[in-house]
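One structure is given below, encoded as structure tokens.
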Amino acid sequence: QVQLVESGGGLVQAGGSLRLSCAASGRTFRSYAMGWFRQAPGKEREFVAGISWSGGSTTYASSMKGRFTISRDNAKNTVYLQMDSLKPEDTAVYYCAASTTGWGPLSEYDYWGQGTQVTLSS
């Protein structure tokens, strides 16, 4: 099992940047592909980005590509989401998740964090 704890959320002005972190417990972090998802009020949860076990492959939702960057540090058991050029519509709770099957939007994610709130002010 793995436990995930997100951090780094907060209030930021449109056009600004934030870096989210997701710290994983356990010594098997490198066994999991990782993903970031988000859920805005009144909307369904949506895929943001995913990264492979080694970090060598990444994938992004089209609306985030070019603005968000996912990365991981297996030595620190941490996955990151760098978010730049933030827009008001990026306001959401952001979740990280771990998967043994893949890092895409349709992969099965077995473990989820509690989420961190990101709020954009215009």
Side-chain angles (χ1 to χ4, degrees):
Q1 241 184 2
V2 62
Q3 292 184 325
L4 304 172
V5 178
E6 302 94 338
S7 62
L11 178 66
V12 62
Q13 286 190 332
S17 297
L18 273 179
R19 187 196 197 199
L20 305 182
S21 299
C22 172
S25 65
R27 293 183 288 180
T28 60
F29 177 68
R30 63 181 67 243
S31 299
Y32 294 92
M34 300 296 295
W36 283 98
F37 292 77
R38 71 184 186 184
Q39 187 165 21
K43 295 187 176 181
E44 292 187 354
R45 184 174 63 198
E46 64 174 338
F47 175 81
V48 173
I51 190 166
S52 63
W53 297 268
S54 67
S57 295
T58 57
T59 188
Y60 297 88
S62 57
S63 61
M64 292 78 165
K65 198 169 185 178
R67 298 192 300 124
F68 291 7
T69 304
I70 188 171
S71 62
R72 68 188 294 164
D73 186 338
N74 285 344
K76 296 183 178 179
N77 283 11
T78 302
V79 62
Y80 305 97
L81 185 68
Q82 176 68 40
M83 305 187 294
D84 299 315
S85 302
L86 285 162
K87 305 174 182 179
E89 53 264 40
D90 293 320
T91 294
V93 178
Y94 285 72
Y95 301 90
C96 67
S99 171
T100 58
T101 60
W103 56 95
L106 301 180
S107 299
E108 183 176 349
Y109 290 85
D110 305 293
Y111 302 102
W112 294 80
Q114 294 297 311
T116 185
Q117 177 71 49
V118 172
T119 303
L120 271 292
S121 62
S122 55

Give a yes or no on whether the backbone of [Y] and the side-chain of [X] come within a donor-acceptor separation of less than 3.5 Å.
| X | Y | answer |
| --- | --- | --- |
| Thr78 | Ala23 | no |
| Thr69 | Gln82 | no |
| Thr91 | Leu120 | yes |
| Trp53 | Arg30 | no |
| Tyr60 | Ile70 | yes |
| Glu6 | Cys96 | yes |
| Arg67 | Ser85 | yes |

Inter-residue atom distance [X].[atom1] - [Y].[atom2], 0.5 Å rounding:
| X | Y | atom1 | atom2 | value |
| --- | --- | --- | --- | --- |
| Phe68 | Leu20 | CZ | CG | 8.5 Å |
| Glu44 | Glu46 | CD | CD | 10.0 Å |
| Thr100 | Glu108 | OG1 | CD | 7.0 Å |
| Cys22 | Arg72 | SG | CZ | 10.0 Å |
| Asn74 | Thr28 | CG | OG1 | 11.0 Å |

Min side-chain heavy-atom separation Met83-Val118 under 4.5 Å
yes
Considering only heavy atoms from C-beta outward, does the side chain of Tyr32 approach that of Tyr111 to under 4.5 Å?
yes
Of the non-hydrogen atoms in Leu18 and Leu86, which two are nearest, and what is the gap between them?
N-CD1, 3.9 Å
Nearest non-hydrogen partners of Ser121 and Leu11, listed with the distance:
CB-CD1, 4.2 Å
Knowing that exactly one of Trp103, Tyr109, Tyr94 qualifies, which makes a ring-ring contact (aromatic ring centres under 6.0 Å, His included) with Phe37?
Tyr109
Single hit among Lys43, Arg45, Met64 for side chain to side chain contact (heavy atoms under 4.5 Å, CB included) with Arg38:
Met64
Once the angle between the rings of Tyr95 and Trp112 is folded into 0 to 90°, is it parallel (under 30°), tilted (30 to 60°) or perpendicular (over 60°)?
perpendicular
Just wondering, are more than 12 heavy atoms of other shown residues or ligands nearer than 6.0 Å to CD in Gln114?
no
